[in-house]
Amino acid sequence: MQVLHGIQVSPGVAMGRVLVFHSEDFFSVGEIKIREEDIPREIARFEESLTKTRAELLSIRRKISDEIGHEHSDIFNAHLLILEDRTLIEDVIQKVKQDKVAVESAFAAVIQRYFHAFLQIDDEYLKERVSDIKDIGRRILKNLMGHEKDILSELKEPVIIIAHDLSPSDTASMDKKNVIAFATDIGGPTSHTAIMARSLEIPAIVGLDRITKEVVNGDLVIIDGNKGDVIIDPDLTTMDQFAKEEKRFIELISELDKLKTLPAETKDGHRVHLTANIEFPDEVPSVLAHGADGIGLYRTEYFYLNRTDLPGEEEQFEAYKTVAEKMSPQPVIIRTLDLGGDKFLSSIELPHEMNPFLGWRAIRFCLTHVNIFKVQLRAILRASAHGKLKVMFPLISSLGEFERAKQIFEEAQEELRKEGIPFDENVPLGAMIEIPSAALISDILAKVCNFFSIGSNDLIQYALAVDRGNEKIAYLYEPTHPAILKLIFQVITSAKKENAWVGLCGEMGSDPVLALLLVGLGIDGISTSAFVLPKVKKAIRSVFYTDIKVIAEKALTFSTGGEIRKFIEEEFKKIAPEILEG
Ligand code: PEP
Ligand code: MG
């Protein structure tokens, strides 16, 4: 038996057999161990991928030669030569056999060694071949991985997925019935993969560093998402404890579910708007089952992932309409396409960026792709005739961006009016406050926005310069950092001055202690994974608003995140000890 500890990102416990998923990222495949008897299968997979890649290259070469000219297709001759390089092929097969690693791991290691060797050579022509090696490497790896993606979506039995990393699109393609938990080597607490795990209501742990090196397909493991532990090959006593822990967790959940029909209201009647975050329309039943007051964040970009075309107006309209109708009369806040950062579309080829989180993403992308943006806005507006919809724009950094987005929204309204298509004329427009610049000009933005939604996941990342997906610096990702509380308080104050509604839709709201701090600071709404809403509701219903207001204001006077966390925990413990239990 062996225990590894990581960052718990989604609660619950699960025991099951491992399925190792090989990451699609060329540079982060990691060393995936295999059993001796799997070696022939891995070599066969390698040969299949080489044959497939060769067929693809020949077809592209023919197409380019026919359409653009023979001389432009020569580049693919170089690719074909690399593909047939016996030394490279032998090196990969040798590594699979010797190190007992999956072919992806062997191939990624060998190809990286090749291009590093080429880079050292003092010859411009050979240096340029590095990009050919990279290109062909990616293509072969993609063919190996395509196979993996199918595995994730077509599982035959319940499994625990173990991966070096999982992209949001990998997670979105998972067969939700049969993935009972997952654990990864890398990843931070508010990465989109972690958020997806909470939406799927499955236990998950990230940042385990070397889980992929410690297990192979078929191993038995326990994932304890409450503590952040992965137990490999558990003994009988541990299995027994697991069964008890599972029972306790189920009891706790059903206890909390009793709060479903009760309002999220403090003991002295201060009402908080407690809503859920979703990525897919099929999460609506879970939102309703957990007693949410609506949907506070619908991450529509998931619609665009895992497909090779863009979703059209009609298709989007149907999805938004379904959500609006099912949630009616409760409100649904639809966030417009938040592409980029760690979410990429297969349908649009975007230039490689050094810093994707600081790059051409979210509203920045939409404002330069007005055609794509308009299609979505028209679909949302049309759906607004079927329920109570609000719209918010992600990653607003300046007044100009919000105004331009609003202008395009109004153009979409005008088009629909002319076409005689019905929509709600009073759809409120909001800005997500997730960049420090937006928080600092929230007084200006509050004059033009109907509401704010604080995206604390990104706000913390940008204000503290901490990559939200990097487990190495997860200790610096501090929601109680005084700078964060000051920014949040400033946004709340600006909104109140202009009578604008202000909510928070980041993961910060899923921690009952932090949720109370936010309510004490004056937030109107909290939106988080449906799964954790009852726990937050229980905390809100256990306290007096007058008490938490005083505590929150005092919290603003401390100097460090640690002091603030300690202070609020101690104070909340005095007034409602049950908040810190379980
Ligand atoms: C956020 O940044 O807090 C947020 C809610 O948006 P996302 O997590 O999708 O970036
Ligand atoms: Mg965000």
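In listed order, ligands and their atoms are each counted from 1. In this text the structure is predicted, and so the values were computed from the model without any measurement. Values reported hereafter were calculated over all heavy atoms of this structure, with side chains retained and with hydrogens, waters and symmetry mates removed.
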Within 45° cone of Phe280 ring axis and under 6.0 Å: Lys176 NZ or CZ: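 Yes, Lys176 lies over the aromatic ring of Phe280.
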SB check Arg361 Glu353 (cutoff 4.0 Å):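 No, no charged N to carboxylate O under 4.0 Å.
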Ion pair check, Glu314 and Arg382, cut-off under 4.0 Å: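 Yes, this pair counts.
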Distance-only side-chain donor-acceptor flag, Asp185 / His164, under 3.5 Å: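 Checked: Asp185/His164 side chains pair up, N/O donor to acceptor below 3.5 Å.
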Donor + acceptor pair across side chains of Glu279, Ser199 (<3.5 Å):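 Per modelled atom types, Glu279 and Ser199 side chains form a pair under 3.5 Å.
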Between ligand 1 and the protein, which N/O pairs are shorter than 3.5 Å?
from     : atom 1 : to     : atom 2 : distance (Å)
ligand 1 : 2 (O)  : Glu434 : OE1    : 2.9
ligand 1 : 2 (O)  : Asp458 : N      : 3.1
ligand 1 : 2 (O)  : Asp458 : OD2    : 3.1
ligand 1 : 3 (O)  : Gly455 : O      : 3.3
ligand 1 : 3 (O)  : Ser456 : N      : 3.1
ligand 1 : 3 (O)  : Asn457 : N      : 2.8
ligand 1 : 3 (O)  : Asn457 : ND2    : 3.3
ligand 1 : 6 (O)  : Arg335 : NH1    : 3.0
ligand 1 : 8 (O)  : His192 : NE2    : 3.3
ligand 1 : 8 (O)  : Arg299 : NH2    : 2.9
ligand 1 : 8 (O)  : Asn457 : ND2    : 2.9
ligand 1 : 8 (O)  : Arg468 : NH2    : 2.8
ligand 1 : 9 (O)  : His192 : NE2    : 2.9
ligand 1 : 9 (O)  : Arg299 : NE     : 2.7
ligand 1 : 9 (O)  : Arg299 : NH2    : 3.4
ligand 1 : 9 (O)  : Arg335 : NH1    : 3.1
ligand 1 : 9 (O)  : Arg335 : NH2    : 2.8
ligand 1 : 10 (O) : His192 : NE2    : 3.3
ligand 1 : 10 (O) : Asp458 : OD2    : 3.0
ligand 1 : 10 (O) : Arg468 : NH1    : 2.9

Spacing of His369 atom NE2 and Arg364 atom CZ [to the nearest 0.5 Å]: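 The CZ atom of Arg364 is 15.0 Å from NE2 of His369, to the nearest 0.5 Å.
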Neighbour count >12 (heavy atoms, 6.0 Å) for atom NZ, Lys486: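 Count not over threshold, so no.
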The Mg ion (ligand 2) neighbourhood, protein N/O/S only, threshold under 2.8 Å: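 You should have found Glu434 OE1, Asp458 OD2.
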Side-chain heavy-atom pair Ile363, Phe402 within 4.5 angstrom cut-off: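 Sidechains of Phe402 and Ile363: no contact.
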side-chain contact (heavy atoms from CB on, under 4.5 Å) between Asp257 and His290, worked out: CA-CA 7 Å; Asp257 265 356; His290 289 101; 4.0 Å; yes
